Amino acid sequence: MSIDTDVIENEEGLRVKDPVENAQFELYTADPVSARVVDDDRLYFPVDTAVAVETSGVTIPRIATVTVRDTNGGLLGRGTDLWFPWGEYHLEIDPAPSKMYLHFEGELSVTSKEGETRLEFGDQVEVDLGFRSFNESPAGTITTPTDPESLMDAVSLLGSSLSTTSPERSFPTLRGHPPLLEAGSEFSIPERVDPIDTGVTIVVPPTYRYLYPVVSLAFYLGATVVPGDTPRIEGDGWTFPLEPEFERTVSQVLRQTFHFDCIVRTEGFYPVDLYEREQLSVDLNCDRLYDAPLAERLGEYLEVPFETIADDLPQWTLTTDIRPDPANIETLPFVAAELSLIRCPGGESADVASETGGFSGLLRSSDEESAGERHTSVRTLSRRERGFTDEDTEFIRPESVDTIEHAWIGDGVPLGANKATLEAYRRRIDRESTDESHISVVVVCNDEQMREEGEVGELYGLREMLQFDIEVKYELSKSEMRGVLESDVDFLHYIGHVDERGMQCRDGFLDLTGRDLSVEVDAFLLNACQSYKQGQALVERGSRGGIVTVSTIANSSATRLGRIVARLMNGGFSLRTALHVAQKAMLTGSQYITLGDGGTTLCQSRSGVVVAMDIESTDEGTWNVEKQTFPNGGYGVGTLVNPNIPRFEQNHLVPAEITVRGLKKAELSEFLNLETAPVFTDGELFWSDELLPL
């Protein structure tokens, strides 16, 4: 899908729109311009849209890192304040809501201050501007029988979407989305899916319980998966065992390999000063490893015991528990695309706890017992323990995870995890593009006592970079509520009551589970007691995802969490990450879970990645800041980020916890003023704009 560019009326600059990602931003030029479409081969990197303008300068309304290359792609410099004499240059701008490149012949001066980055060319010159969407669609759908050995052949093709087998595939934009899988009677590969040979083979027993956990690893390594009795990885003359503790070992291999690739890639196109490379506790011959074939490089990586570098690795973003059932095979490409760690919970079915039984205990299947394996344990809670009245709901408490986020694929309501579904994943790529230049948010308050929370609508649309269409509605009838659900709305925030009868309206209850309803709302927050089942119906009928409750909630807690989530979604957080931050601020946040595609975002962050901070004052009158970055949209795992503080220019990997000590008051004020972000101080949540002036 091509990105749209329009000249800003009555202003000097361009408005860039990515309708697929719901992203929009503006660039300002030093002169009035007219834009003409040009060939994309004038840019060094591939782009979706390329235009040329004549101007003496371009201003980007954010602090951006500029990478400067010569005509052969050689790196000349990278930073926020640069100068180069007259010459021909290719620039890459990061972050931006889409990949952004410039090409021109002229002088170059880069200055960053007061929340913007200015590029000056010394004279009026022709500038080529190129843009590429972060959205990447699968090349096609592989049809496969559902038996494990056939599925191994399909999983072996997931790595066909990799743009490179070099360490640069650790950049999210060079991995692509793996081809989709579809159950069928015969094996079929679409023409655009071309197998790759990386020389890496993963051997596992032909069962779902062994196959599912290696899917993300097989995708990232471009590996061939074959059946065998002893789980292992084979490469160029080497073998690496995947037992004991199969699932844990597979996860460790993925984390270690990915981390080492991020470090080794600094010898390639992006030789940046990387914090993680400086902190690595072992010596890697990065120069030689960068040029080595993937299988050889992997073999040397795995010679390093995981225990020696475990403390060097950042916290991984996502763990996904997948029931080892053939019905779940079509979700595998989506989980692999997120590079999620994968576990198979014990027991291919779970007994619902009795009304008086409490916990049903650890669930283990017979084949798991015989194999002596450690698998994800789950506990099913009684409905009475959860204060839930729905007799058909099975609550499950999955084993805790070491990652930031947690998803669950399979039957049951996973407490503390994202209940992911195939329908929602598919909508991630099937979502139709739109020509709208705004994002629509509807806040529905159907309870007079909660009317105060209707003010949450004021918390959307605060940023100048995006146009939000905010509408707040009160006391809707069933017909009116149905009309909202069937309208083209990006985000619905419902405030009111929900029970087994449905969503409360002015004239009764609207039951979404028993109606022929076509839902067009993209994402939602159902801030009401026991809203899980109605929320699940929204996902089944058309929504990508949402946040719901699994028990009764107090009005005051619901109001506060609703306001927190509203501001986080406005700041570019995904559903899953927004709830993660809200739960850190509120103990009662554990009563909420995400449904569907937990990676759904309402908009993109101004910084690309999203950030939550902890700040504390020191006895010396300075400030310490811990900045936690989360992946967001195209800025996935492996993205580079720096703190945007002049004295601390070192790059970090996403996700990251960046600690900056000894900030002076003026430095902290300038940092907090860059954008509105959640800030924790003394255990309480504030917003950066609320803390200013210091």
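If you read the sequence from its start, that first residue is 1, and numbering goes on from there. Predicted model, so just to flag it, every value in this text is computed and none were measured.
- When each of T320, D321, T317 is checked for a side chain to side chain donor-acceptor pair (under 3.5 Å) with S340, only T320 meets the rule.
- Across S440 and D490, no two heavy atoms sit closer than the pair N-OD2, 2.8 Å.
- Note on ring orientation: taking the six-membered ring where Trp is involved, the planes of F334 and H177 are perpendicular (angle over 60°, cut-offs 30° and 60°).
- In terms of heavy-atom proximity, D597 sits nearest to N418 at C-OD1, 4.4 Å.
- Residues L27 and I60 form a side-chain contact, since some pair of their non-hydrogen atoms from C-beta on lies under 4.5 Å apart.
- Residues P631 and P655 approach most closely at CD-CB, 4.3 Å, considering heavy atoms.
- For E690, the CD atom sits in a packed shell: over 12 heavy atoms of surrounding residues, nucleotides or ligands are nearer than 6.0 Å.
- For the residue pair Q530 / Y532, no side-chain donor-acceptor distance below 3.5 Å is found, with atom types taken as modelled.
- Pairing each heavy atom of V401 with each of R343, the nearest pair is CG1-NH2, 3.4 Å.
- Around the CG atom of D6, the shell of radius 6.0 Å holds more than 12 heavy atoms that belong to other residues, nucleotides or ligands.
- A 4.5 Å side-chain heavy-atom check between E540 and L512 finds every atom pair outside the cut-off.
- The CD1 atom of I495 sits 8.0 Å away from atom CG of L525, with the distance rounded to the nearest 0.5 Å.
- Looking at D689 and R567, a side-chain N of the basic residue comes within less than 4.0 Å of a carboxylate O on the acidic one, giving a salt bridge.
- Counted by atom type alone, T403 and Q315 present zero donor-acceptor pairs between their side chains at under 3.5 Å.
- Looking at heavy atoms from C-beta onward, V654 lies out of side-chain contact with V637 at the 4.5 angstrom threshold.
- No side-chain heavy atom of N570 sits under 4.5 Å from any side-chain heavy atom of F491.
- A side-chain donor-acceptor contact under 3.5 Å links S531 and T549.
- Looking at S557, its side chain never comes within 3.5 Å of a backbone N or O of I553 through a donor-acceptor pair.
- Under a 3.5 Å cut-off, the side chain of E26 and the backbone N or O of L14 do not form any donor-acceptor pair.
- Distance check: M586 CE to L685 CG gives 10.0 Å after rounding to the nearest 0.5 Å.
- Put simply, the side chain of K419 gets close to the backbone of G412: a donor and an acceptor are under 3.5 Å apart.
- Judged as a side chain to side chain contact (heavy atoms under 4.5 Å, CB included), and not counting sequence neighbours, the contacts of R482 are E486, L510, R515, L517.
- Screening L485, L476, N446 against Y494 for a side-chain contact (heavy atoms from CB on, under 4.5 Å) leaves a single residue, N446.
- Residues S574 and T600 are not in side-chain contact: their nearest non-hydrogen atoms beyond the backbone lie 4.5 Å or more apart.
- In terms of modelled atom types and a separation under 3.5 Å, the side chain of D682 and the main chain of E684 share no donor-acceptor contact.
- In this structure, the side chains of P398 and I396 come closer than 4.5 Å at one or more pairs of heavy atoms.
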| Stepwise, does the side-chain contact (heavy atoms from CB on, under 4.5 Å) test hold for L341 with W316? | CA-CA 8 Å; L341 308 182; W316 201 255; 3.5 Å; yes
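- Contact check for L663 versus N624: no side-chain heavy atoms found under the 4.5 Å cut-off.
- S556 and T559 share no donor-acceptor pair across their side chains, judged by distance under 3.5 Å alone.
- In this structure, the side chain of T594 does not engage the main chain of G546 through any donor-acceptor pair within 3.5 Å.
- In this structure, the separation between OG1 on T421 and CD1 on I409 is 8.5 Å, given to the nearest 0.5 Å.
- Closest approach of Y28 to I8, counting heavy atoms only: CE2-CD1, 3.9 Å.
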| query | Between R62 and F25, does a side-chain contact (heavy atoms from CB on, under 4.5 Å) hold up when you go through it step by step? | reply | CA-CA 10 Å; R62 66 183 68 204; F25 63 105; 4.3 Å; yes
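- Considering all non-hydrogen atoms of both residues, G496 and A528 come closest at O-CB, 3.1 Å.
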| request: Run the numbers on D411 and R323 for salt bridge (charged side-chain N to carboxylate O under 4.0 Å, His left out), then give the verdict. | output: CA-CA 8 Å; D411 295 335; R323 295 275 201 183; over 6 Å; no
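- Between the side chains of D614 and Q628, not a single donor N or O lies within less than 3.5 Å of an accepting N or O.
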| task | Evaluate side-chain contact (heavy atoms from CB on, under 4.5 Å) for F573 paired with N632, printing each intermediate quantity in order. | result | CA-CA 7 Å; F573 281 74; N632 179 44; over 6 Å; no
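- Geometric assessment of K584 against the ring of F680 yields a positive cation-pi assignment under the 6.0 Å and 45° thresholds.
- Look at R428 and E338 and you find a salt bridge, because one of the NZ, NE, NH1 or NH2 atoms lies within 4.0 Å of a carboxylate O, short of that distance.
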| side-chain contact (heavy atoms from CB on, under 4.5 Å) between V444 and V442, worked out | CA-CA 6 Å; V444 174; V442 174; 3.8 Å; yes
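- In terms of the side chain to side chain donor-acceptor pair (under 3.5 Å) criterion, K478 has no residue partners (sequence neighbours excluded).
- By the 6.0 Å contact criterion, CD on Q504 is enclosed, its count of non-hydrogen atoms from other residues, nucleotides or ligands being greater than 12.
- Summarising the geometry, atom CD1 belonging to I322 is positioned 5.0 Å from atom CG belonging to L332; distances are rounded to the nearest 0.5 Å.
- Using modelled atom types, one side-chain atom of T117 and one backbone atom of A64 make a donor-acceptor pair closer than 3.5 Å.
- Checked for salt-bridge contact, R501 and D499 meet the test: a charged N lies under 4.0 Å from a carboxylate O.
- Checked options V611, N673, V679; the residue passing with S688 is V679 (criterion: side-chain contact (heavy atoms from CB on, under 4.5 Å)).
- We find the CZ-CD distance between F509 and Q534 to be 10.0 Å, quoted to the nearest 0.5 Å.
- Checking side-chain atoms of T29 against main-chain N and O of G13 turns up a donor-acceptor pair under 3.5 Å.
- Residues meeting the side chain to side chain donor-acceptor pair (under 3.5 Å) test with H580, sequence neighbours left out: none.
- A side-chain donor-acceptor contact under 3.5 Å links N527 and Y592.
- Counting only heavy atoms from C-beta outward, the side chains of P172 and Y635 never approach each other to under 4.5 Å.
- If you take CD on E423 and CZ on R541, they are separated by 11.0 Å, rounding to the nearest 0.5 Å.
- Using a 4.0 Å cut-off between charged side-chain N and carboxylate O, E480 and R506 make a salt bridge.
- Between E500 and K533 there is no salt bridge, since no side-chain nitrogen of the basic residue lies less than 4.0 Å from a carboxylate oxygen of the acidic one.
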